[in-house]
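Working notes, beginning with the structure itself.
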Number of protein chains: 2
Amino acid sequence: MTERPPLDDIDLKILSELQKDGRIRINELALRVGITAPPCLRRVRTLRSSGVIQAIRATLDERLLGYEVMTFVLIQLESQRLAAIEAFEAAVTAEPRFLQCWRISGDADFMLKCVAPDVNDMRRQLLQFAGLPNVRKIRSFPVLGVSKDAPLPIPGSLATPNPA
Amino acid sequence: MTERPPLDDIDLKILSELQKDGRIRINELALRVGITAPPCLRRVRTLRSSGVIQAIRATLDERLLGYEVMTFVLIQLESQRLAAIEAFEAAVTAEPRFLQCWRISGDADFMLKCVAPDVNDMRRQLLQFAGLPNVRKIRSFPVLGVSKDAPLPIPGSLATPNPA
DNA sequence: TGTGAAAGAAAGTCCAT
DNA sequence: ATGGACTTTCTTTCACA
């Protein structure tokens with residue numbers, strides 16, 4: 001599940017295509033990468049079960065679903081002991097509007113991506129977290145817009161990238 | 001393309017399912033949301049063309065593709081004039097290893113998510129950007145690990161969320 | 001909008017190479 | 001590991017409620 005599978009050019013092309021369109025038909029995919037459907041299907045399955053393809057998911061428009069504000073938040077804890085870290089992670093996990101959370105180094109311990117219907121909701125949410133016992137410092141960075149959102153560049157591939 | 005389509009409960013369930021598995025069969029999807037395949041297919045198409053579903057894409061494992069390091073970077077510019085902003089965005093867009101870039105407010109102008117094969121590559125990449133004429137301040141936050149990666153919570157839905 | 005049936009297309013399996 | 005032929009299953013269109 002997390003070994004290092006050897007990826008040939010065809011695999012890389014498959015990954016590139018699936019990153020652009022995760023619902024592409026196996027036939028069409030096979031055509032684009034230059035093989036027939038059966039081996040193509042096998043490769044896709046292997047790529048999924050080996051974990052190279054983590055998931056194929058729909059990306060939704062937050063605004064159209066009522067989340068008007070998005071914010072990045074840097075959080076520094078008082079203590080970096082394992083128990084403190086895990087308690088904080090549990091609190092984050094319990095809050096559905098904290099979409100993503102990364103453990104980081106540098107001048108903070110966590111980076112969060114957070115959505116809310118409006119600024120008041122967001123404020124309440126963040127104040128609540130600022131009040132957790134182990135939280136020393138919170139800095140937030142409201143998102144004004146997306147400048148770039150590109151797929152992972154596929155290593156040796158001649159894959160057409162998907163800029164901006 | 002960016003209007004506010006009215007979404008009923010069935011639409012919300014569809015979104016929830018597609019966020020969990022973007023390659024789910026229309027049949028299976030229809031079954032889960034309680035209608036038959038034809039209207040389900042129509043709804044999915046509408047959701048896509050209205051932009052509620054932005055895309056359906058494969059998410060790849062960066063490590064398994066040779067990107068050992070990932071970093072968030074906060075960037076503050078000297079000038080916030082439009083021309084300066086756009087010049088910076090163009091530079092970011094030209095660098096494939098800057099995967100995502102958000103325009104933000106707060107104590108910086110941009111938030112970047114950035115990958116590289118190793119720390120040396122990353123260092124070179126960041127130093128190069130630090131040298132751009134209009135860049136005042138760069139702070140980077142190397143990612144140690146992912147604590148949480150959850151889908152967008154679907155508003156009025158009884159949808160099974162996908163925690164951690 | 002929804003359903004059911006029917007045509008057409010795709011996925012998935014087997015086997016030979 | 002691949003490709004061709006087959007079977008099964010799904011997608012999609014259509015007529016109708």
Side-chain angles (χ1 to χ4, degrees), chain A residues 1-61 64-66 154-159, chain B residues 1-61 64-66 154-159:
Chain A
M1 196 72 171
T2 321
E3 287 152 35
R4 282 264 181 170
L7 302 173
D8 63 17
D9 280 2
I10 294 179
D11 290 317
L12 295 177
K13 281 189 197 166
I14 289 175
L15 293 175
S16 177
E17 291 299 326
L18 285 176
Q19 232 181 348
K20 287 190 287 188
D21 177 6
R23 263 189 102 85
I24 187 176
R25 306 271 180 201
I26 293 294
N27 262 326
E28 174 66 18
L29 182 58
L31 186 69
R32 290 195 197 174
V33 306
I35 56 178
T36 52
C40 185
L41 180 62
R42 257 183 298 128
R43 281 168 179 267
V44 171
R45 283 177 174 162
T46 305
L47 289 168
R48 298 191 77 162
S49 67
S50 69
V52 178
I53 297 174
Q54 292 180 330
I56 298 181
R57 296 201 250 109
T59 306
L60 310 183
D61 185 309
L64 293 180
L65 284 161
I154 304 295
S157 144
L158 33 149
Chain B
M1 197 70 171
T2 320
E3 288 152 35
R4 282 262 181 170
L7 302 174
D8 64 18
D9 281 1
I10 294 180
D11 288 319
L12 295 177
K13 281 188 198 166
I14 289 175
L15 294 175
S16 177
E17 292 299 326
L18 285 176
Q19 231 181 347
K20 287 189 287 188
D21 178 5
R23 263 190 102 88
I24 187 174
R25 306 266 179 201
I26 294 293
N27 262 335
E28 174 65 17
L29 181 58
L31 185 69
R32 291 195 196 174
V33 305
I35 56 178
T36 52
C40 186
L41 179 63
R42 258 183 294 143
R43 282 168 180 267
V44 171
R45 284 178 173 162
T46 305
L47 290 167
R48 297 192 77 161
S49 68
S50 69
V52 178
I53 297 173
Q54 292 181 330
I56 299 181
R57 297 202 250 110
T59 307
L60 309 183
D61 185 310
L64 294 180
L65 283 162
I154 303 296
S157 145
L158 32 147

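Note: hydrogens, waters and symmetry copies are ignored here, and every other heavy atom, side chains too, is used. Here the structure is a predicted model, which means the values were calculated and not measured. Protein chains get the first letters and strands the later ones, always in sequence-line order, with residue 1 at the start of each.
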- Task: Mark up nucleotides 5-17 of chain D, 5' to 3', with B wherever a protein heavy atom is under 4.0 angstrom from a base atom, S wherever such an atom reaches only the sugar-phosphate, and - elsewhere.
- Result: -----SBBB----
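To the nearest 0.5 Å, atom CG of residue A:L18 and atom CD1 of residue A:I53 are 5.0 Å apart. The CG atom of A:D21 sits 11.5 Å away from the OG atom of A:S16 when rounded to the nearest 0.5 Å.
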- Message: Go through it in stages, so that I can follow the logic: the residues are A:L15 and B:L65, the test is side-chain contact (heavy atoms from CB on, under 4.5 Å), and I'd like the CA-CA distance, side-chain angles, deciding distance and then a yes or no.
- Response: CA-CA 10 Å; A:L15 293 175; B:L65 283 162; 3.8 Å; yes
- Task: Take B:I154 and B:K13 through the test side-chain contact (heavy atoms from CB on, under 4.5 Å) and record every step on the way to the result.
- Result: CA-CA 8 Å; B:I154 303 296; B:K13 281 188 198 166; over 6 Å; no
- Message: Between A:I56 and A:R23, is the side-chain contact (heavy atoms from CB on, under 4.5 Å) condition met? List the steps.
- Response: CA-CA 8 Å; A:I56 298 181; A:R23 263 189 102 85; 5.8 Å; no
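Residues passing the side-chain contact (heavy atoms from CB on, under 4.5 Å) test with B:R32 are B:E17, B:I24, B:E28, sequence neighbours excluded.
Nearest heavy atoms, A:L7 versus B:L64: CD1-O, 4.4 Å.
The backbone N or O of B:Q54 sits nowhere less than 3.5 Å from a side-chain atom of B:R48 that would complete a donor-acceptor pair. Judged by distance alone, with hydrogens and angles left aside, the side-chain atoms of A:R57 form no donor-acceptor pair with the main-chain N or O of B:T59 at under 3.5 Å.
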Contacts table for residues 36-47 of chain B: side-chain donor-acceptor under 3.5 angstrom, sequence neighbours left out:
| from | atom 1 | to | atom 2 | distance (Å) |
| --- | --- | --- | --- | --- |
| B:R43 | NH1 | B:D8 | OD1 | 2.9 |
| B:R43 | NH1 | B:D8 | OD2 | 3.1 |
| B:R43 | NH1 | B:D11 | OD1 | 3.0 |
| B:R43 | NH1 | B:D11 | OD2 | 3.4 |
| B:R43 | NH2 | B:D8 | OD2 | 3.1 |
| B:T46 | OG1 | B:R42 | O | 2.9 |

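Along DNA chain C, read 5' to 3', the first and last nucleotides having any atom under 4.0 Å from a heavy atom of chain B are C:dT1 to C:dG12.
Rounded to 10 degrees, the angle separating the terminal helix axes of the helix from C:dT1-D:dA17 to C:dT17-D:dA1, each built from five base pairs, is 30°.
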